[in-house]
Q: 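One structure, as structure tokens, below. Some questions next.
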Amino acid sequence: MNYRMKTVCDFCKTEYSIDMVPNGPVKCAVCGNTWNVSRPPRRSPWLVFIAALCALLAAIVFAVAVIAQNKITDIRENPLVAEIHDITTTTDENGVSHFVVNGRVVNRSDQIYGVPGLVVISYEHDGNIVDKQKFMPSATLLDAGSAVEFTHVLSVPMAGVEKIAVELERVVE
């Protein structure tokens with residue numbers, strides 16, 4: 001196996017780069033000092049494997065810790081979330097079709113929270129807002145880890161509505 005290694009004269013500190021480990025002593029071309037070059041220690045393939053495995057495990061533990069911390073931070077900053085789980089249609093007495101939005105507000109924290117109003121937003125196909133409607137869910141307080149279901153019939157007709165989203169009403173302090 002050919003590899004380059006460095007060696008240094010013990011006396012004058014001249015550095016040499018050699019192609020292979022010599023069989024006997026080496027003589028310095030500058031000062032004439034002789035010394036023995038020792039073969040560099042070989043790395044055990046098992047030790048390299050174990051070191052790589054430890055590095056991989058450390059990376060996994062770090063990634064899990066970062067993900068968990070981000071989730072904790074997200075729950076702390078946004079303890080309540082509103083989500084839509086179903087959108088159906090209904091027809092009013094005038095024959096106009098409307099969307100019925102069904103969803104829930106979830107308290108992801110370990111504390112009781114007051115439930116704010118909800119805002120249902122209707123969008124056109126290009127992302128422009130068609131309408132925003134505010135309403136209050138049936139519960140005013142949510143225990144830790146609990147949820148409240150909601151149903152809201154949009155007053156705007158279905159025509160032109162491409163997407164529907166629900167948000168918690170932001171309380172301005």
Q: From Met136 CE over to His152 NE2, what is the distance, rounded to the nearest 0.5 angstrom?
A: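 Rounded to the nearest 0.5 Å, the CE-NE2 separation comes to 13.0 Å.
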Q: Looking only at heavy atoms, what is the nearest atom pair of Glu149 and Ser138, with distance?
A: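 Shortest heavy-atom contact: O-OG, 4.1 Å.
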Q: Please check if any side-chain donor atom of His85 sits under 3.5 Å from a side-chain acceptor atom of Asn102, or the reverse.
A: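 No pair is found: no donor N or O on one side chain lies under 3.5 Å from an acceptor on the other.
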Q: Decide yes or no for Val37 and Tyr16: does some side-chain heavy atom of the first lie under 4.5 Å from some side-chain heavy atom of the second?
A: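 Contact flag for Val37/Tyr16 side chains = no.
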Q: Is atom CZ of Phe11 surrounded by more than 12 heavy atoms (other residues, nucleotides or ligands) closer than 6.0 Å?
A: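 Incorrect, the count does not exceed 12.
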Q: If I take atom CG from residue Leu47 and atom SG from residue Cys54, how far apart are they, to the nearest 0.5 angstrom?
A: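 The CG atom of Leu47 sits 10.5 Å away from the SG atom of Cys54.
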Q: Do Phe99 and Val153 make a side-chain contact, defined as non-hydrogen atoms from C-beta onward lying under 4.5 Å apart?
A: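 Heavy-atom side-chain distance check fails, nothing below 4.5 Å.
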Q: Please round to the nearest 0.5 Å and tell me the distance separating atom CD1 of Ile50 and atom CG of Leu57.
A: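 Answer for the CD1-CG pair, Ile50 versus Leu57, is 11.5 Å.
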Q: With side chains defined as the heavy atoms from C-beta onward, is the minimum distance between Thr140 and Val115 less than 4.5 Å?
A: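 No, their side chains stay 4.5 Å or more apart.
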Q: Between Asp126 and Asn128, does any side-chain donor sit less than 3.5 Å from a side-chain acceptor?
A: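 There is such a pair between these side chains.
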Q: How far apart are the C-alpha atoms of Ile112 and Leu142, what are their side-chain angles, what is the distance that settles it, and do they pass the side-chain contact (heavy atoms from CB on, under 4.5 Å) test?
A: CA-CA 6 Å; Ile112 296 174; Leu142 270 181; over 6 Å; no
Q: Side chains of Gln133 and Val119, heavy atoms from C-beta outward: is any pair under 4.5 Å?
A: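 No - every pair of side-chain heavy atoms lies 4.5 Å or more apart.
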Q: Under 4.5 Å between side-chain heavy atoms, hopping through other hydrophobics if needed: is there a path connecting Val81 to Val105?
A: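 No, Val81 and Val105 fall in different hydrophobic clusters.
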Q: Under a 4.5 Å side-chain heavy-atom rule over Ile, Leu, Val, Met, Phe, Trp and Tyr, are Ile84 and Leu80 clustered together?
A: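 The answer is yes; both residues are in one hydrophobic cluster.
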Q: Do Leu53 and Trp46 belong together in a cluster built from hydrophobic side chains that touch within less than 4.5 Å?
A: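 Cluster IDs for Leu53 and Trp46 match.
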Q: How about Ile129 and Ile121: do any of their side-chain heavy atoms sit closer than 4.5 Å?
A: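 When only atoms from C-beta onward are counted, Ile121 and Ile129 do touch, with a gap below 4.5 Å.
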Q: Give the intermediate values and the outcome of side-chain contact (heavy atoms from CB on, under 4.5 Å) for residues Tyr123 and Asp131.
A: CA-CA 7 Å; Tyr123 295 93; Asp131 188 45; over 6 Å; no
Q: How close do Gly117 and Pro137 get, counting heavy atoms only, and between which atoms?
A: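 Heavy atoms of Gly117 and Pro137 come nearest at CA-CD, 4.4 Å.
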Q: Counting N and O atoms only, with roles assigned by atom type, does the side chain of Asn107 sit under 3.5 Å from a partner on the main chain of Ser146, one being a donor and the other an acceptor?
A: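 Checked: no pair found.
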Q: Membership question, hydrophobic clusters at under 4.5 Å side-chain separation (ILVMFWY): are Ile87 and Val161 in the same one?
A: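 Yes, it is one cluster - the side chains of Val161 and Ile87 are joined through contacts under 4.5 Å.
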Q: Count I, L, V, M, F, W, Y as connected when their side-chain heavy atoms are under 4.5 Å apart, and connections chain through other members. Are Val148 and Leu118 then in the same cluster?
A: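 Result: yes, single cluster for both.
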Q: What are the two closest heavy atoms between Val130 and Gly160, and how far apart are they?
A: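 The answer is CG2-O, 4.1 Å.
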Q: Any side-chain heavy atom of Met5 sitting closer than 4.5 Å to one from Ile18?
A: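 Side chain of Met5 against side chain of Ile18, heavy atoms only: contact under 4.5 Å found.
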Q: Is there side-chain contact between Thr151 and Val101, with at least one heavy-atom pair below 4.5 Å?
A: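 No; the side chains remain at least 4.5 Å from each other.
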Q: Rounded to the nearest 0.5 Å, how far apart are OG of Ser109 and CD of Glu77?
A: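 So the OG of Ser109 and the CD of Glu77 are separated by 13.5 Å.
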Q: Can you tell me if Arg108 uses its side chain to pair, donor with acceptor, with the backbone of Gly145 under 3.5 Å?
A: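 Here the side-chain-to-backbone pair does not exist.
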Q: With rounding to the nearest 0.5 Å, note down the distance linking CD in Glu124 to CD in Glu162.
A: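 CD of Glu162 is found 10.0 Å from CD of Glu124.
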Q: Main chain of Leu154, side chain of His98: is a donor-acceptor contact present, judged purely on distance under 3.5 Å?
A: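 Confirmed, His98 side chain pairs with Leu154 backbone.
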Q: Please step through side-chain contact (heavy atoms from CB on, under 4.5 Å) for the pair Cys28 and Trp35, ending with a clear verdict.
A: CA-CA 8 Å; Cys28 180; Trp35 72 96; 3.6 Å; yes
Q: Do the side chains of Val120 and Ile164 get nearer than 4.5 Å, heavy atoms only?
A: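 Yes - at least one pair of side-chain heavy atoms lies under 4.5 Å apart.
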Q: side-chain contact (heavy atoms from CB on, under 4.5 Å), that's the test. Do Tyr113 and Asp143 meet it? Break it down for me.
A: CA-CA 7 Å; Tyr113 274 92; Asp143 285 331; over 6 Å; no
Q: Give, for atom CZ of Arg104 and atom CD of Glu83, the distance between the pair rounded to the nearest 0.5 Å.
A: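 Output value for this atom pair is 4.5 Å.
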